[in-house]
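Reminder, nothing fancy here: chain letters follow the sequence lines and each chain counts from 1. In what follows, every heavy atom counts, from backbone to side chain, and hydrogens, waters and symmetry copies are set aside.
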Number of protein chains: 2
Amino acid sequence: MVVGELTEDAVDGLFHALADPTRRDILRRCAADEPSVSRLARAYPMSFAAVQKHVAVLERAGLVTKESRGREQLVRTDVGAVGRARLALDDLESTWRGRVDRMSALLAAGTEPERKTSTIRGTG
Amino acid sequence: MVVGELTEDAVDGLFHALADPTRRDILRRCAADEPSVSRLARAYPMSFAAVQKHVAVLERAGLVTKESRGREQLVRTDVGAVGRARLALDDLESTWRGRVDRMSALLAAGTEPERKTSTIRGTG
DNA sequence: CTCACCTACAACCATTTGGTGGTAGGTTAG
DNA sequence: CTAACCTACCACCAAATGGTTGTAGGTGAG
């Protein structure tokens with residue numbers, strides 16, 4: 001039992017969303033700032049609709065959330081969602097690492113001061 | 001090997017290769033075992049050529065290696081490569097962790113340590 | 001109200017992807 | 001040698017992706 005919350009489709013969407021440099025840049029921008037979609041769009045050499053689609057892909061993957069503020073939609077990166085991608089990698093690795101190694105990884109994570117500000121929630 | 005040498009293209013290839021359930025399953029199989037391409041192909045409800053393409057995608061991403069043994073090509077998962085994907089996620093996270101940390105410091109020094117949703121113009 | 005702006009959504013197009021089959025070359029067995 | 005097998009590579013096709021433009025609706029300012 002590893003990532004019970006993450007279905008194969010969810011992992012597909014997660015990695016697919018991450019497999020694009022524009023989308024990864026959007027993630028960086030919307031983690032440091034909280035721009036509207038149109039302001040985001042001005043940062044890239046493509047149309048507003050194209051950026052809108054990228055944001056939609058990220059939103060479907062659960063990597064960003066949108067918050068209505070007036071006539072704008074503020075986009076913000078869900079920091080914990082990247083933790084879900086990490087869990088998907090853990091799940092992959094656990095296959096060939098075995099349970100003992102996995103447990104030691106958990107122990108190592110416990111002894112080290114991991115980030116507390118980004119709670120890794122399996123619930124999406 | 002320094003891992004900071006991950007180019008954007010490399011990250012693209014990594015995540016794209018991981019964004020497919022068949023390819024992820026191939027990774028699991030070829031980490032536990034070291035099957036030939038044809039034996040691998042028999043495990044999936046698709047043609048040999050299709051599986052061959054999936055293996056090629058994984059190989060280009062550096063996730064598996066092929067070893068010639070007679071007339072066969074044994075496929076094996078490069079365990080360290082998944083670590084590279086993890087580092088790509090680390091890179092993503094570190095970007096905004098640093099910036100968020102800096103912004104928090106600025107906010108703490110200047111005004112109340114609340115979110116930046118506090119009044120922007122006027123004091124309300 | 002009008003005007004400007006932001007957003008969502010549709011239609012459309014070029015390219016890529018994921019699948020198919022077929023063919024050619026190399027290797028092991030008989 | 002022939003036969004059987006494994007692999008690489010080709011052409012082809014349907015579907016998805018990434019981009020474009022255009023249109024319609026909602027919101028804020030004057």
query: Side chain of A:Q73: nearest nucleotide among D:dA8, D:dG19, C:dT7?
result: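 My answer, after comparing the listed nucleotides, is C:dT7.
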
task: Just compare D:dG18, D:dT20, C:dT20 and give me whichever is closest to any side-chain atom of A:D20.
output: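 Nearest listed nucleotide: D:dG18.
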
Quick one: salt bridge (Lys or Arg N to Asp or Glu O under 4.0 Å) partners of [X], sequence neighbours excluded?
| X | value |
| --- | --- |
| A:E8 | B:R24, B:R28 |
| A:R71 | none |
| B:R86 | A:D90, A:E93 |

message: Can you see if the side chain of B:H16 gets near the phosphate of C:dT16 - specifically, an N or O under 4.0 Å from OP1 or OP2?
response: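 So the side chain of B:H16 is outside the cut-off, no N or O lying under 4.0 Å from OP1 or OP2 of C:dT16.
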
- prompt: Looking at B:Q52, does any N or O in its side chain come under 4.0 Å of the phosphate oxygens OP1/OP2 on D:dA8?
  reply: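 True: B:Q52 side-chain N/O within range (under 4.0 Å) of D:dA8 OP1/OP2.
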
task: Please work out which residues in residues 57-72 of chain B have a non-hydrogen atom less than 4.0 Å from an atom of DNA chain C and list them by number.
output: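 Listed by number, they are B:G70, B:R71.
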
message: Below 4.0 angstrom, which residues in residues 31-49 of chain B have at least one non-hydrogen atom near DNA chain C?
response: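 By residue number: B:M46, B:S47, B:A49.
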
- prompt: Got a sec, which pairs hit salt bridge (Lys or Arg N to Asp or Glu O under 4.0 Å) with one end in residues 57-67 of chain B, sequence neighbours left out?
  reply: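 Matches after skipping sequence neighbours: B:E59-B:K66.
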
query: What residue pairs, at least two apart or across chains, pass salt bridge (Lys or Arg N to Asp or Glu O under 4.0 Å) with a residue in residues 45-56 of chain A?
result: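 Counting only pairs at least two positions apart or across chains, no salt bridge (Lys or Arg N to Asp or Glu O under 4.0 Å) contact touches residues 45-56 of chain A.
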
- prompt: When you measure from the side chain of A:R84 to the backbone N and O of A:A10, does any donor-acceptor pair fall under 3.5 Å?
  reply: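 Side chain of A:R84 to backbone of A:A10, a donor-acceptor pair under 3.5 Å: no, none is there.
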
[X]: side chain to side chain donor-acceptor pair (under 3.5 Å) partners, not counting sequence neighbours:
| X | value |
| --- | --- |
| B:R39 | B:D33 |
| B:Q73 | B:S68 |
| B:R23 | B:H54 |
| A:S38 | A:S36 |

query: Rounded to whole angstroms, how far apart are NE2 on A:H54 and C1' on C:dT7?
result: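 Interatomic distance, NE2 of A:H54 to C1' of C:dT7: 17 Å.
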
field: Euclidean distance, atom NZ of residue B:K53 to atom C1' of D:dA15 [Å, nearest integer]
entry: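 Whole-Å distance recorded here is 13 Å.
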
- prompt: What bend angle does the helix from C:dC1-D:dG30 to C:dG30-D:dC1 show across its length, from five-pair end axes and to the nearest 10 degrees?
  reply: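 Axis-to-axis angle, ends of the helix: 30°.
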
message: If hydrophobic clusters are built from ILVMFWY residues whose side chains come within less than 4.5 Å, do B:L89 and A:V11 share one?
response: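 Yes; tracing contacts between hydrophobic side chains, which count when under 4.5 Å, links both residues.
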
